Amino acid sequence: MTDHIAFSVDKQALLLLDQRFLPDREECFVCRNTADMIYALQTMVVRGAPAIGVTAAYGCYLAARESAEAGPAWKDRLNTLLTELEQARPTAVNLRWAVERMRAQWAALPAASLDELLSTWLGLAQDMHSEDIEICKAIGRHGADLIADGDTILTHCNAGALATAGYGTALGVIRAAFEQGKRIQVIADETRPFLQGARLTAYELAKEGIPVTVACDNAVGHLMKRGMVQKVVVGADRIAANGDAANKIGTYTVALAAKAHGVPFYVAAPASTFDLRIASGDEIPIEDRTPREVTHIGEHRITPENVPVYNYAFDVTPAELIAGIVTERGVLTAPYVASIRAIIGGK
Ligand code: MRU
């Protein structure tokens, strides 16, 4: 499960496990150029904030190869391709973070030839790939301390190995607690409309023998009222300097229900998911996706023709609803402005 971002240097392509077809079949999607990369990101062949970041790092390398077609103007062409790549999806800040990290290394080597840049960037992308797995494991170690033997943990969307370079953030916490021998159960929210919970979280956990039950998104309040949930752990796509956290649409509703029932609500995310340039979650851009994801299930229309739908892909959970933010550097608690400044950085 750690190899959903597989990079083949021989074929000069990025091979991605195509998440659109899970759990039905494990099929590979081949990216050979920037257009393929953008398509893969936008159609969610690959998704999840840290996975988007690592994929984009490899995407920069592919963009550099592609820029050779422009001959002496390769630098201009490469800058254009990087800007296009960076804009593929708006909410997960890890995409911008990864492209900026690659650009910074290029800026540090202003006289580098294209061949030199290619070899440096391939190395950096591979480092970011392996670093992300280690970061998830550290998140898991810190977060597992919050989980008690016998807990049932509810999670929303998929913040697992499929959403990272491996191991997962929210599912990293769950994996680590399970590996410690804690007898835990997981409730995976379906996560309409793309069904990351029903399809991907359930697939990942079942494959590893971690007990998981799928529930409709609208069952959350009922399950909590019945005392069937002891903790909530979710991932994040962007966390503002005050601790407000954007994650998959529906996360905010889960956090409100958790608050009403006294269930601790935790966010698990790497330092690369913090955006210290923004003061609060109000500034986080929210992706608005195609209505078709809501109006159809597969080829079958489920809403009347000509009725408009909302398909906001993310929402923002205010910091005051979050009991702790689990990072690779430890668990941050309120007041978040101070703990984020001390442990993550910023002004
Ligand atoms: O639209 P997606 O599937 O990319 O959204 C993913 C999420 O919201 C995840 O919870 C988030 O990226 C955290 S992944 C470790």
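As the structure is a prediction and not an experimental result, all values here were calculated from the model. Remember, it's 1-based here, ligands and their atoms both numbered in the order they're listed. All values below were derived from every heavy atom in this structure, side-chain atoms included, with hydrogens, water molecules and symmetry-related copies excluded.
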Have a look at ligand 1 and work out which part of Met44, if any, has a heavy atom under 4.0 Å from it: side chain, backbone, both or neither.
side chain
Got a donor-acceptor contact below 3.5 angstrom from the Gln19 side chain to the Leu162 backbone?
yes
Test of proximity, Thr164 against ligand 1: N or O pairs below 3.5 Å:
no
Is there a polar contact, in the sense of an N or O pair closer than 3.5 Å, between Gly48 and ligand 1?
yes
Determine yes or no for a side-chain-to-main-chain donor-acceptor pair under 3.5 angstrom, with Asp149 supplying the side chain and Arg183 the backbone.
yes
Numbered atoms of ligand 1 (with element) below 4.0 Å of Ala49, judged on heavy atoms
12 (O), 14 (S)
Please confirm whether Asp237 comes within less than 3.5 Å of ligand 1 when only nitrogen or oxygen atoms on both sides are compared.
yes
Which of the atoms in ligand 1, numbered in the order shown and given with their element, are less than 4.0 Å from a heavy-atom of Ala159?
14 (S), 15 (C)
Check if Pro50 has a non-hydrogen atom at a distance under 4.0 Å from any atom of ligand 1.
yes
Near Arg89, which atoms of ligand 1 are under 4.0 Å from a heavy atom of that residue?
1 (O), 2 (P), 4 (O)
Does Asn158 have a heavy atom less than 4.0 Å from any atom of ligand 1?
yes
Out of curiosity, is Ala92 lining ligand 1, as in a heavy atom under 4.0 Å away?
no
Can you check whether Leu78's main-chain N or O pairs, donor with acceptor, with Ser67's side chain at less than 3.5 Å?
no
Report, in ascending order of atom number, the atoms of ligand 1 lying under 4.0 Å from any heavy atom of Lys248.
1 (O), 2 (P), 5 (O), 8 (O)
Show the atoms of ligand 1 that are less than 4.0 angstrom away from any heavy atom in Ala163.
14 (S), 15 (C)
So is Ile52 polar-close to ligand 1, meaning N/O to N/O under 3.5 Å?
no
Does any N or O in the side chain of Thr43 come within less than 3.5 Å of the main-chain N or O of Tyr39, such that one atom is a donor and the other an acceptor?
yes
Between Lys231 (side chain only) and Leu154 (backbone N and O only), is there a donor and an acceptor less than 3.5 Å apart?
no
Side-chain heavy atoms of Glu116 within contact of Leu109, under 4.5 Å
no
Spatial distance of atom CG (Asn242) from atom OG (Ser280) [nearest 0.5 Å]
5.5 Å
Considering only the protein, which heavy-atom contact is closest to atom 15 (C) of ligand 1, and what is its distance?
Thr169 OG1, 3.0 Å
Distance filter under 4.0 Å to Phe314 heavy atoms, resulting ligand 1 atoms:
1 (O), 5 (O), 8 (O)
Per-atom filter on ligand 1: closer than 4.0 angstrom to a heavy atom of Gln196 are 1 (O), 2 (P), 3 (O)
Are the side chain of Glu287 and the backbone N or O of Thr91 linked by a donor-acceptor pair below 3.5 Å?
no
Is the terminal nitrogen or CZ of Arg289 (NZ for Lys, CZ for Arg) located under 6.0 angstrom from the six-membered ring centre of Phe314 and within 45° of that ring's axis?
no
When you measure from the side chain of Arg301 to the backbone N and O of Pro304, does any donor-acceptor pair fall under 3.5 Å?
yes
Consider every N or O of Asn247 and every N or O of ligand 1, then say whether any pair is closer than 3.5 Å.
yes
Verify, without hydrogens or angle tests, whether Thr34 (side chain) and Glu66 (backbone) share a donor-acceptor contact under 3.5 angstrom.
no
